Asker: 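Just passing along the structure, written as structure tokens.
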Amino acid sequence: MATMGGDQRQMMEDAAEDKFPEGLRILVVDDDRVCLTVLEALLRRCKYQPTTVMDAKTALRMLMAGKQQFDLVITDVCIPDMDGFKLLELIRLEMNLPVIMLSVDCDKKVVMKGIEHGASDFMVKPVRTHELKNIWQHVQRWRNPKAISHISDHDSDVQRVQPATADKSKLSGNKRNVVDDSNKHNESTCVSATHRKPRVTWTIQLHNKFLEAINQIGLDRAVPKKVLELMNVDYLSRENIASHLQKYRLHLKKVNSNHSGDAYERWNSSYNMNN
DNA sequence: TTAAGAATAT
DNA sequence: GATATTCTTA
């Protein structure tokens with residue numbers, strides 16, 4: 001990777017605000033040199049800023065080392081030193097980045113697996129430019145999760161329809177349009193995944209920040225909205241905090257009733273898994 | 001209409 | 001168990 005001077009970085013930040021999708025930093029992981037090169041060229045053509053690596057370990061090391069150096073990761077399913085899904089999992093666990101999976105075939109099971117592991121998207125090789133042009137949307141989704149439109153109409157699941165009051169649409173005429181997917185596979189198009197916010201992991205750091213906020217506000221006056229503001233962590237939602245606050249208060253109650261000294265320990269120990 | 005907090009669901 | 005989502009209430 002090229003080291004960049006302050007000027008360049010500044011330029012990129014400007015770009016990030018003005019013409020947002022340009023200059024997006026993308027890490028591409030694929031063991032096939034040809035694919036890698038092609039992909040790199042295509043990404044460049046889309047005005048992105050690709051970095052290529054050929055194995056998972058290097059990818060991880062780069063991601064971990066400089067924090068927040070990338071906006072998006074694209075990885076092949078088959079990479080030598082690690083299962084692509086494993087890599088996906090790790091990235092999702094350790095960092096807050098959208099990941100796009102890549103594969104040569106569109107086997108439903110594989111795609112499914114990608115989705116289940118939290119891939120933002122799944123593309124089938126060969127990837128075309130027009131598919132890449134739009135991948136910035138995943139970054140945008142990540143940064144602004146509020147804009148997520150719940151398109152959960154992908155199964156024949158009996159959608160539990162509440163009587164009159166449940167209608168969220170503002171339009172009076174409620175058209176329940178189900179986009180028919182008559183073309184289940186056009187070859188080499190990207191199969192769009194359900195975009196789902198990653199489950200929040202309350203690391204010790206995050207929890208400490210939470211505590212800090214609570215201390216500042218005062219436990220009794222602490223409400224999710226205020227805590228959210230004070231914490232100022234962009235990927236957290238009010239609901240996330242509400243949930244955690246609920247758990248925290250429950251925990252406090254326990255501690256108060258039976259104050260066995262190790263209750264505190266127990267609370268903290270549940271955060272020692274990672275970070 | 002929004003948000004808190006309890007109750008459930010995953 | 002942890003976190004998300006739904007439900008009820010204010």
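None of these values were measured; they are calculated from a predicted model. Within every chain, numbering begins at 1; the chains are lettered A, B, ... in the order of the sequence lines, protein sequences first and strands thereafter.
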Asker: Send over the distance from Tyr248(A) OH to dG1(C) P, rounded to a whole Å.
Answerer: 18 Å

Asker: Starting at atom CG of Leu228(A), determine the distance to atom P of dT2(B), rounded to an integer number of angstrom.
Answerer: 16 Å

Asker: Report the distance from atom CD1 of Ile241(A) to atom P of dA4(C), rounded to the nearest whole Å.
Answerer: 11 Å

Asker: Could you measure the distance from the CG atom of Leu228(A) to the CG atom of Leu245(A)? Nearest 0.5 Å is fine.
Answerer: 11.5 Å

Asker: Mind checking whether His207(A) and His244(A) have parallel, tilted or perpendicular rings, split at 30° and 60°?
Answerer: perpendicular

Asker: Just compare dA3(B), dT3(C), dG5(B) and give me whichever is closest to any side-chain atom of Lys225(A).
Answerer: dA3(B)

Asker: Could you check which of dG5(B), dA3(B), dT3(C) has an atom nearest any side-chain atom of Ser243(A)?
Answerer: dT3(C)

Asker: Output every pair passing side chain to side chain donor-acceptor pair (under 3.5 Å) with a member in residues 30-40 of chain A, not counting sequence neighbours, ordered by first then second residue.
Answerer: Asp30(A)-Lys125(A), Glu40(A)-Arg44(A)

Asker: Taking donor-acceptor contacts at under 3.5 Å, does the side chain of Gln246(A) reach the base of dA2(C)?
Answerer: no

Asker: Choosing from dT5(C), dG5(B), dA3(B), which nucleotide comes nearest the side chain of Glu239(A)?
Answerer: dT5(C)

Asker: Provide, to the nearest angstrom, the distance between the CG atom belonging to Leu250(A) and the P atom belonging to dT8(B).
Answerer: 14 Å

Asker: Measuring to OP1 and OP2 of dA4(C), would you say a side-chain N or O of Asn240(A) lies under 4.0 angstrom away?
Answerer: yes

Asker: In whole angstroms, how far is the P atom of dT3(C) from the NE2 atom of His251(A)?
Answerer: 13 Å

Asker: Just the rounded figure in Å: distance from C1' of dA4(B) to CZ of Arg238(A).
Answerer: 7 Å

Asker: Assess the pair Trp202(A) and Phe210(A): is the distance between their ring centroids shorter than 6.0 Å?
Answerer: yes

Asker: Go through the steps for Glu229(A) and Lys225(A) under the test side-chain contact (heavy atoms from CB on, under 4.5 Å), then give the verdict.
Answerer: CA-CA 6 Å; Glu229(A) 282 167 8; Lys225(A) 199 180 175 186; 4.2 Å; yes

Asker: For Leu42(A), does its backbone N or O pair with a side-chain atom of Tyr48(A) as donor and acceptor, under 3.5 Å?
Answerer: no

Asker: Taking only side-chain nitrogens and oxygens of Lys247(A), does any of them come within less than 4.0 Å of OP1 or OP2 of dT3(C)?
Answerer: yes

Asker: For the side chain to side chain contact (heavy atoms under 4.5 Å, CB included) test, which of Asn134(A), Leu24(A), Thr129(A) pairs with Cys46(A)?
Answerer: Thr129(A)

Asker: Just the rounded figure in Å: distance from P of dA4(B) to CZ of Arg249(A).
Answerer: 10 Å

Asker: Heavy atoms within less than 4.0 Å of DNA chain B: which residues of residues 214-224 of chain A have one? Give them sorted by number.
Answerer: Val223(A), Pro224(A)

